A.B. asks: 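First, the structure itself, so that you have it in front of you.
In this text, all values refer to a predicted model and were calculated from it rather than measured experimentally. Below, all heavy atoms of this structure are taken into account, side chains as well, without hydrogens, waters or symmetry copies. In what follows, chains are A, B, ... by sequence order, proteins preceding strands, each numbered from 1.
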Amino acid sequence: MPELPEVETVARALDARLKGRRVEGVECRFPGVYEAGSGVRPRWPLGILGARRRAKLVLLELDGGLVLVTHLRMTGALKIESVEAVLEPHTHVCIRLDGDEELRFVDPRRFGRVRLESPATLAQSSFFTSLGPEPLELDEEGLASRIGVSRASIKAALLDQRRIAGIGNIYADEILYAAGIHPRQPADTVRPGEWKSLLESVRRILNSAIERGGSTIRDYRSPEGAGSYQDQHQVFGRTDEPCPACGKRIRKIRVAGRGTHFCPGCQPQRRRRRRSAPSSRSSR
DNA sequence: TCTAACCTGATC
DNA sequence: GATCAGGTTAGA
């Protein structure tokens with residue numbers, strides 16, 4: 001569910017509300033959802049230095065270099081509640097805070113994970129290995145060199161967290177619509193002149209989604225409430241509605257195994273150019 | 001590089 | 001009852 005803008009919103013809210021407070025312990029209510037990295041033995045309580053985002057991960061930074069790392073996956077949510085508050089269903093981890101509050105990890109589908117890592121275990125954590133750079137920190141050359149070498153579809157390349165990390169299904173569709181590129185177009189056939197507008201689309205869409213607190217289309221909530229970027233979606237979730245720009249019907253197809261929305265008028269399909277020479281090629 | 005699998009719940 | 005969902009990954 002949550003992609004870069006939603007995770008950024010959650011991290012900012014946690015930073016504002018938890019910085020300077022303490023974690024007094026962690027209770028795991030469903031086996032495996034929470035684990036400490038091997039050899040990590042926290043001595044609670046630990047002060048909270050702050051919260052931030054990396055890719056789609058929420059990092060809660062504690063004293064001594066320890067970090068509580070949360071991946072929300074599809075349906076995970078972090079909520080600050082009074083310890084007296086009734087536990088809502090699917091509450092799998094309770095992170096006890098000072099002041100009779102706790103940070104609760106709720107996740108109906110149970111795909112999400114919470115991990116406690118030390119400086120020694122953080123780098124090897126499976127969360128972090130082979131995570132690509134932040135899309136908002138890339139320049140045109142960086143984007144082209146990471147994405148433009150893939151022989152997969154441009155959508156698959158944008159979703160590949162090893163290439164760049166943080167874009168998910170909603171924002172991939174919105175970005176490609178804004179850039180006028182068909183989601184099935186092979187990434188290595190994007191023309192040199194198109195990287196500029198693709199990068200502008202990446203920045204504009206992710207930044208305005210962050211400004212609006214992300215997209216709330218089913219159950220996503222930051223600790224401060226729902227986002228509103230869903231109102232700005234041009235194609236995602238608008239199957240059969242007219243394109244705001246050209247009036248053609250938005251279509252939904254399957255690309256990279258994901259439901260994919262696009263405008264056939266604004267994002268015309270372009271065939272892969274026939275290879276002129278059987279030269280060697282590499283991917284990644 | 002694609003599919004199935006991991007899960008539950010909402011909607012068709 | 002079948003299908004789909006904002007993510008990732010192991011396996012073919």
A.B. asks: Respond yes when some side-chain nitrogen or oxygen of A/His90 is under 4.0 Å from OP1 or OP2 of B/dC7, and no when none is.
C.D. replies: no
A.B. asks: Expressed in whole Å, how much space separates the P atoms belonging to C/dA5 and B/dT1?
C.D. replies: 22 Å
A.B. asks: Determine whether a donor-acceptor pair (N or O, by modelled atom type, separation under 3.5 Å) exists between the side chain of A/Arg270 and the backbone of A/Thr189.
C.D. replies: yes
A.B. asks: Take A/Glu88 and A/Arg104, measure what salt bridge (charged side-chain N to carboxylate O under 4.0 Å, His left out) needs, and give me the verdict at the end.
C.D. replies: CA-CA 10 Å; A/Glu88 74 174 279; A/Arg104 294 176 175 173; over 6 Å; no
A.B. asks: Applying a 4.0 Å non-hydrogen cut-off, can you work out what A/Arg113 is touching in the nucleic acid: base, sugar-phosphate, or nothing?
C.D. replies: nothing
A.B. asks: Of the options C/dG6, B/dT1, B/dC7, whose atoms approach the side-chain atoms of A/Arg110 most closely?
C.D. replies: B/dC7
A.B. asks: Who is the Watson-Crick or G-U wobble partner of C/dG11, with both distances under 3.5 Å?
C.D. replies: B/dC2
A.B. asks: Under 4.0 Å: is that the gap between some side-chain N or O of A/Lys252 and OP1 or OP2 of C/dT3?
C.D. replies: no
A.B. asks: Would you indicate, yes or no, if C/dT8 has its OP1 or OP2 atom less than 4.0 angstrom from a side-chain nitrogen or oxygen of A/Gln161?
C.D. replies: yes
A.B. asks: Is any side-chain heavy atom of A/Tyr177 closer than 4.5 Å to a side-chain heavy atom of A/Ile205?
C.D. replies: no
A.B. asks: State whether the side chain of A/Lys252 and the backbone N or O of A/Phe262 hold a donor-acceptor pair below 3.5 Å, judged by distance alone.
C.D. replies: no
A.B. asks: Between C/dG7 atom C1' and A/Ile170 atom CD1, what is the distance in whole Å?
C.D. replies: 12 Å
A.B. asks: When all nucleic acid strands are considered with a 4.0 Å heavy-atom cut-off, which category describes A/Gly257: base, sugar-phosphate, or nothing?
C.D. replies: nothing
A.B. asks: Check every strand shown and say whether A/Gly259 touches a base, only sugar-phosphate, or nothing at a heavy-atom separation below 4.0 Å.
C.D. replies: sugar-phosphate
A.B. asks: Take the protein atom NE2 of A/His261 and the nucleotide atom P of C/dC4, then report the distance between them rounded to whole Å.
C.D. replies: 12 Å
A.B. asks: Can you tell me how far P in C/dT8 sits from the matching atom in B/dA10, rounded to whole Å?
C.D. replies: 23 Å
A.B. asks: Which whole-number value in Å describes the distance from A/Leu131 CG to C/dG7 P?
C.D. replies: 14 Å
A.B. asks: Figure out the CD/P separation between A/Glu3 and C/dA5, and round it to whole Å.
C.D. replies: 13 Å
A.B. asks: Calculate the interatomic distance between A/Arg258 atom CZ and B/dC2 atom P; express it in whole Å.
C.D. replies: 14 Å
A.B. asks: CD1 of A/Ile167 versus C1' of C/dT8: gap in Å, rounded?
C.D. replies: 16 Å
A.B. asks: What integer number of Å spans the P atoms of C/dT9 and B/dG9?
C.D. replies: 24 Å
A.B. asks: How far, in whole Å, is B/dC12 from C/dG6 if one measures between their P atoms?
C.D. replies: 15 Å
A.B. asks: Please name the nucleotide paired to B/dT11 by Watson-Crick or G-U wobble geometry with both distances under 3.5 Å, or report none.
C.D. replies: C/dA2
A.B. asks: Could you check whether the rings of A/Phe236 and A/His261 sit parallel, tilted or perpendicular, using 30° and 60° as the cut-offs?
C.D. replies: tilted
A.B. asks: Would one find a side-chain N or O of A/Lys56 under 4.0 angstrom from OP1 or OP2 of C/dG6?
C.D. replies: no
A.B. asks: For the base of B/dC7 and the side-chain ring of A/Phe111, does the geometry meet a stacking cutoff of under 5.5 Å between centres and under 30° between planes?
C.D. replies: no
A.B. asks: What pair of heavy atoms forms the shortest contact from A/Leu4 to A/Ala165, and how long is it?
C.D. replies: CD1-O, 4.2 Å
A.B. asks: Should the side chain of A/Arg109 and the base of B/dC7 be counted as holding a donor-acceptor pair, with the cut-off at 3.5 Å?
C.D. replies: yes
A.B. asks: So does A/His71 get a side-chain nitrogen or oxygen closer than 4.0 Å to the phosphate oxygens (OP1/OP2) of C/dT8?
C.D. replies: yes
A.B. asks: A/Phe236 has an atom CZ; how far is it from atom C1' of C/dA5, in whole Å?
C.D. replies: 8 Å
A.B. asks: Quick one: A/Ile210 CD1 to C/dG6 P, roughly how many Å, whole number?
C.D. replies: 20 Å
